[in-house]
2 protein chains.
Amino acid sequence: MNPLAIPEIVIRRLPLYLRTLNLLVDDGQTVTSSQELGDRLGISSTQIRKDLSYFGEFGKQGTGYDIRYLRDQLRQILQVDRHWNLVLIGAGDLGRAVLRYSGFEEGGFSIVAVLDKDERKIGRQIGKLKVLAIARLPEVIKEYGTQIAIIAVPASDAQEVANALVRAGVKAILTYAPITLSLPANVCVEYIDPVIGLQSMAYSLSPGHA
Amino acid sequence: MNPLAIPEIVIRRLPLYLRTLNLLVDDGQTVTSSQELGDRLGISSTQIRKDLSYFGEFGKQGTGYDIRYLRDQLRQILQVDRHWNLVLIGAGDLGRAVLRYSGFEEGGFSIVAVLDKDERKIGRQIGKLKVLAIARLPEVIKEYGTQIAIIAVPASDAQEVANALVRAGVKAILTYAPITLSLPANVCVEYIDPVIGLQSMAYSLSPGHA
DNA sequence: TAGATTGTTAATCGATTAACAATC
DNA sequence: TAGATTGTTAATCGATTAACAATC
C-alpha cells in the first residue's frame with residue numbers, strides 16, 4: 001500500500017485517536033472498541049476502522065483493540081515513538097506559555113532551545129532554557145538536528161522568522177502568528193489561530209443559526 | 001437562501017478571508033481579487049468566489065472586490081461587527097498569554113473576566129483584570145451577557161469547567177485542554193491543541209512521505 | 001454456539017474545480 | 001472595444017457511511 005495515497009485528513013485524525021488511547025490507558029482500561037473511541041471523539045466507529053485500515057489490522061473481531069498495542073502502533077505510524085527536538089522562536093508571553101506546557105513532551109516533542117531578537121530577553125532563563133539570540137539559529141538547528149520549529153512572534157515578524165528557519169533547514173513549522181506564511185512546497189506548516197475558531201462560532205451563535 | 005444550508009467548512013474559511021482583508025487594508029490597498037486572496041491563502045480563486053456566493057454578490061466583474069466593503073460584509077456575516085464579551089477560565093501561564101494576546105480584541109472579542117479555582121491566584125491582577133473565584137461564574141456571565149468562554153485549565157479539570165459553563169448558560173467554548181468535551185448538542189466547541197498539528201507533521205517528515 | 005466487533009466493499013454524500021456566460 | 005474578473009453551473013473528485021462477510 002502506497003503511503004503517499006493516505007489522505008491528509010486521515011493523518012490528522014490519528015493524533016486524536018492516540019490522545020484518546022492515552023487517556024484510556026491512564027484510566028487503567030486495557031481494551032477498547034471503535035465504538036468507544038468514536039463516542040469519546042464524536043466520530044463514527046466506521047470512520048475510525050476505515051482510517052486504521054490504511055495502516056494495517058490492529059483489532060480482533062468480537063473483542064476490539066488492545067489499547068496499549070494500538071497506541072504503540074499509532075506512535076510508530078506517526079513517528080512519535082521517539083522524541084523530536086524543537087526550537088521555539090519568540091520568548092514573549094506566548095513563548096513562555098508554550099515552554100511551560102507539558103503536552104509537547106508527552107506528545108513526543110522536546111523544546112531544546114528558545115530564541116528571540118529582543119536584546120532585553122536574550123540571556124533570560126525560562127524554565128530550563130536560556131533565551132538565545134536569533135542569530136544563533138543555524139548553529140542551534142545543526143547542533144540538535146532540529147527539523148521542526150514553533151513560531152511565537154508577532155505577525156509582523158513571522159514571515160521573516162519563517163524565512164530564516166527555512167534557510168537553516170527546518171522542514172516543519174507550527175506557527176501561532178495569525179498570518180499565512182509563504183513557504184517552499186516541501187516545508188510543512190500548521191497554523192494555530194484561536195480567533196478563527198471564535199469567529200466561526202460567532203456566526204453559529206447569531207439568531208437563526210444552529 | 002436558507003442560512004442553515006451553508007456548509008460549516010465554508011464558515012470556517014470566512015475568518016481567513018477577513019484576516020487577509022485586514023492585512024490588505026493595513027497595506028493601504030483598496031481593491032483586491034479572488035485570485036490575490038487565493039494566492040495569499042493558498043486557496044483557489046474559484047473556491048473563494050463560490051464561498052462568497054453563499055452570502056451574496058460582493059464584487060465587480062473585471063475589477064474585483066472593494067476591500068473595505070468586503071471586509072465589512074464579512075464582519076456582518078460573521079457577527080463580529082460588534083464585540084462579544086468572553087470569560088476566561090484559568091489564570092495559569094496559558095491563561096495569562098491568552099489575556100495578553102491582542103488578536104482577540106482585533107477579531108471582535110473582549111475578555112471581560114478571568115476566573116480560577118486556585119486560591120493563590122484569586123485576587124491577582126493580570127493586565128486590567130483581577131482573577132475571580134470560579135464560584136462567581138454565574139454572576140459574571142449574567143452581568144456581561146456572556147455567551148462565549150475560553151477554557152485554559154489542565155485537561156483533568158476541563159470537563160468539570162465545561163459543565164459549569166453550560167450550567168451558567170454559555171453557548172460556545174474555545175478550549176485549550178487536550179481532551180474532547182462532552183457537551184449538549186446546542187453548545188459550540190472549538191479545540192486548540194498544538195500537539196495534534198505537530199504529530200501530523202511528524203508523520204509527513206518521516207522518510208518516504210511528502 | 002450466540003453475540004460482538006472487525007475490516008472492507010460499494011453506495012452515498014458533499015466539496016472542489018473546470019468551464020463559461022455575464023459584464024464591468 | 002478588449003481585457004479582466006465575477007458569479008454560477010455542471011462535472012469531477014474525494015470523503016463518509018451503510019451494509020455485511022469474516023471471525024474472535
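Bear in mind that the values here come from a model prediction, so they are computed numbers and not experimental data.
Taking atom CD of E36(A) as the reference point, atom C1' of dT6(C) lies 15 Å away to the nearest angstrom. Rounding to whole angstrom units, NZ of residue K50(B) and P of dT17(C) are separated by 12 Å. One can place CD of Q47(B) at 16 Å from P of dC13(D), the figure rounded to the nearest angstrom. Computed from coordinates, the Y54(A) OH to dA15(D) P distance equals 7 Å when rounded to whole Å. Summarising the geometry, the separation between CD1 on I9(A) and C1' on dG14(C) is reported as 12 Å, rounded to the nearest angstrom. Distance L41(B) CG to dT16(C) P: 14 Å, rounded to the nearest Å. Whole-Å rounding puts the I6(A) CD1 to dA15(D) P distance at 12 Å. Between E8(B) atom CD and dT16(D) atom C1' the separation is 17 Å, expressed in whole Å.
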Whether each nucleotide of nucleotides 18-24 of chain D has a protein heavy atom under 4.0 Å at its base (B), only at its sugar-phosphate (S) or at neither (-) is summarised, 5' to 3', as BB--BBB

**Message:** Using the rule given for salt bridge (Lys or Arg N to Asp or Glu O under 4.0 Å), can you reason through R96(A) versus D93(B), listing the C-alpha separation, both sets of side-chain angles and the distance that settles it, and then say yes or no?
**Reply:** CA-CA 7 Å; R96(A) 284 200 298 279; D93(B) 290 303; over 6 Å; no

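Comparing S44(A) and L52(B) against DNA chain D, the residue whose closest nucleotide sits nearer the 5' end is L52(B).
The phosphate of dA4(C) (OP1 or OP2) has no side-chain N or O of Y65(A) nearer than 4.0 angstrom.
Donor-acceptor pairing under 3.5 Å is lacking for the side chains of S182(A) and R40(B). Side-chain N/O atoms of S34(B) and R49(B) include a donor and acceptor closer than 3.5 Å. No hydrogens or angles considered: nothing links the side chains of Q47(B) and D51(B) as a donor-acceptor pair under 3.5 Å.
D66(A) has no carboxylate O lying under 4.0 Å from a charged side-chain N of R71(A), or vice versa, which leaves the two without a salt bridge. Salt-bridge annotation for K142(A) and E139(A): absent, with no side-chain N of the basic residue lying under 4.0 Å from a carboxylate O of the acidic one.
A heavy-atom distance below 4.0 Å to DNA chain C is reached by these residues of residues 13-33 of chain B, ordered by number: R13(B).
Heavy atoms from other residues, nucleotides or ligands lying under 6.0 Å from CZ of R68(A) number 12 at most.
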Applying the Watson-Crick and G-U criteria (both distances under 3.5 angstrom) with [ ] for crossing and | for other-strand pairs, one obtains for DNA chain C ..||||||||||||||||||||||

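Here R12(A) pairs with E190(A) under the salt bridge (Lys or Arg N to Asp or Glu O under 4.0 Å) rule; sequence neighbours left out. A search for ring pair (Phe, Tyr, Trp, His ring centres under 6.0 Å) contacts involving Y101(A) returns F104(A), not counting sequence neighbours.
For the atom pair CG (L99(B)) and CD1 (I150(B)), the distance works out to 8.5 Å, reported to the nearest 0.5 Å.
S34(B) comes within 4.0 angstrom of sugar-phosphate atoms only, judged by non-hydrogen atoms across all strands, and of no base.
Pairs of residues two or more places apart, or lying in two chains, that qualify as side-chain hydrogen bond (donor to acceptor under 3.5 Å, both in side chains) and include a residue from residues 76-90 of chain A are H83(A)-E105(A).
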